[in-house]
There are 2 protein chains.
Amino acid sequence: MQAALELYVGQGFDQTTVAEIAELAGLTERTFFRYFADKREVLFWGAGALQELLVSTVADAPESDAPIVAISAAIQAAGAVFQEQREGVLLRQTVIATNTELQERELIKLASLVSAMAGALRQRGVAEPSASLSAEAGIAVLKIAFARWIGEANEQDLAQLIRALFVELKIVTAS
Amino acid sequence: MQAALELYVGQGFDQTTVAEIAELAGLTERTFFRYFADKREVLFWGAGALQELLVSTVADAPESDAPIVAISAAIQAAGAVFQEQREGVLLRQTVIATNTELQERELIKLASLVSAMAGALRQRGVAEPSASLSAEAGIAVLKIAFARWIGEANEQDLAQLIRALFVELKIVTAS
DNA sequence: TACCTGATGACAGTAAGTGACATCGTGTGC
DNA sequence: GCACACGATGTCACTTACTGTCATCAGGTA
């Protein structure tokens, strides 16, 4: 992972071959593919942990919380994690921004988060389509908040940005 | 396109080589790649037209319409198009459902629709983040409505399903 | 000591995608 | 009627991601 990220950042994702990564890491190309399904997957190793965080946060929310409130709590928790690792997150994102296939991979990971959160809501007794709608709304907020958090120089608090966007979403959909 | 779809449906996307498609279509592999950036893109030829429909529907909505109302109209218009071509849409979707990379491609097309609609809203004077939030909400509704429309045997009206989901979204986010 | 097992290497092969150049058919100006 | 320009296609060589298969090797166990 370290070798791959180093090369992706240094010379670009497209310009980096798996052979180079393997050599830098001191192993074989074949071994690389035993750990990562493809060249892209290296950048999404943390997705599993993120999903667990979201699911457990939704699951552990107070029973009285409405679906969207539980989702909001989960997204904020995710935001806090990003905030803690700002440097690494920014680096990773600069790489992703340069390559379409990486953006595709990121989107399917987000879609997986939606499914997982919707499942966690259903576990709480929330019916469809409310569960899916809430989960989708949460990821939509995360996407926009994340983009702003990265795009703007002045470092805002991501969790706070997320809260503000949930409020804005409420206003926008109320019309 | 016809040759590719035929083969994808008949023997599966993964099992179909570009060489086969080219042969069936009576041209060269190289020529195939002059028309389609990759093997996946064939299935998304209509994305451009869909985007135009969404953008123009948003643009042409009455000035008095709130952002979410304009978005709702656009998504319903898209739904109507799908409804008209139900057979083809279903066929296409069975192919996409079998392959992860196709799902990724579909997601990035949807993300492109979000950007386009958000742009159309900004053109109407809607500020960020309202524009992006509304557009994201609209695509979220479309995704869920589409999944239900396809998944259930009893053929419901897609536009109607979409309308119901916008209402549900309003309720869900109001909490 | 024999053995089992999980991780890695070695190697051959498939197929997607790209770049460079040749060819061909069609229309246009003269 | 002819030379020419140009867009579309074919040809070919090449890179590289990814896969299947078998050999090897190190560490732990009976």
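To find a chain, count down the sequence lines: A is the first, B the second, and so on, and within it residues start at 1. This one's a predicted model, so the numbers in the text were calculated from it and none came from an experiment.
Looking at residues two or more places apart in sequence or on another chain, you find no side-chain contact (heavy atoms from CB on, under 4.5 Å) involving A:Gln123. Partners of B:Thr31 under the side-chain contact (heavy atoms from CB on, under 4.5 Å) rule, at least two apart in sequence or in another chain, are B:Leu27, B:Thr28, B:Arg34, B:Tyr35. In this structure A:Glu23 satisfies the side-chain contact (heavy atoms from CB on, under 4.5 Å) test with no other residue, sequence neighbours excluded. Not counting sequence neighbours, A:Gln15 has no partner by the side-chain contact (heavy atoms from CB on, under 4.5 Å) test.
Under a 3.5 Å cut-off, the side chain of B:Arg163 and the backbone N or O of B:Leu158 do not form any donor-acceptor pair. Using a distance-only test at 3.5 Å, with no hydrogens or angles considered, no donor-acceptor pair links the side chain of A:Ser132 to the main chain of A:Pro129.
A cation-pi arrangement is absent between A:Arg92 and A:Tyr8, since the terminal nitrogen or guanidinium carbon is not both under 6.0 Å from the aromatic centre and inside a 45° cone about the axis.
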Side-chain atoms of residues 167-175 of chain A: list all donor-acceptor pairs with protein atoms under 3.5 Å, sequence neighbours left out, distances to 0.1 Å.
residue, atom, partner, partner atom, Å
A:Glu168, OE2, B:Ser130, OG, 2.7
A:Lys170, NZ, B:Ala174, O, 3.3
A:Thr173, OG1, A:Leu169, O, 2.9
A:Thr173, OG1, A:Lys170, O, 3.3
A:Thr173, OG1, B:Thr173, OG1, 2.8
A:Ser175, OG, A:Val172, O, 3.4

Which atom pairs, donor and acceptor, lie under 3.5 Å between side-chain atoms of residues 47-56 of chain A and protein residues at least two apart or in another chain?
residue, atom, partner, partner atom, Å
A:Gln51, OE1, A:Ser112, OG, 2.9
A:Ser56, OG, A:Glu52, O, 3.0
A:Ser56, OG, A:Leu53, O, 3.2

Legend entry - Pair A:Glu101-A:Arg105, side chain to side chain contact (heavy atoms under 4.5 Å, CB included): steps then yes or no: CA-CA 6 Å; A:Glu101 298 199 328; A:Arg105 181 59 50 87; over 6 Å; no

Inset, instruction - Mind running side-chain hydrogen bond (donor to acceptor under 3.5 Å, both in side chains) on B:Glu106 and B:Gln93 for me, showing each step along the way? - result: CA-CA 10 Å; B:Glu106 182 164 59; B:Gln93 215 57 24; 3.2 Å; yes

Inset, instruction - Begin from the C-alpha positions of B:Thr16 and B:Glu20 and carry the test side-chain hydrogen bond (donor to acceptor under 3.5 Å, both in side chains) through to its verdict. - result: CA-CA 7 Å; B:Thr16 302; B:Glu20 287 175 309; 4.7 Å; no

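Look at B:Glu128 and A:Arg148 and you find no salt bridge, because none of the NZ, NE, NH1 or NH2 atoms lies under 4.0 Å from a carboxylate O.
Listed by residue number, the members of residues 35-42 of chain A with any heavy atom below 4.0 angstrom from DNA chain C are A:Tyr35. For DNA chain D, the neighbouring residues in residues 12-34 of chain B, judged by any heavy atom under 4.0 Å, are B:Leu27, B:Thr28, B:Arg30, B:Thr31, B:Arg34. DNA chain C is contacted by no residue of residues 98-106 of chain A, taking any non-hydrogen atom closer than 4.0 Å.
Closest non-hydrogen pair, B:Ala70 versus B:Val58, comes out as O-CG2, 4.1 Å.
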Legend entry - Secondary structure of DNA chain D in dot-bracket form (Watson-Crick or G-U wobble, distances below 3.5 Å, | marking inter-strand pairs): ||||||||||||||||||||||||||||||

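For DNA chain D, the outermost nucleotides in 5' to 3' order that have an atom under 4.0 Å from a heavy atom of chain A are D:dT16 to D:dT21.
Judged as a side chain to side chain donor-acceptor pair (under 3.5 Å), the pairs with a partner in residues 59-72 of chain A (not counting sequence neighbours) are, in order, A:Ser72-A:Gln76.
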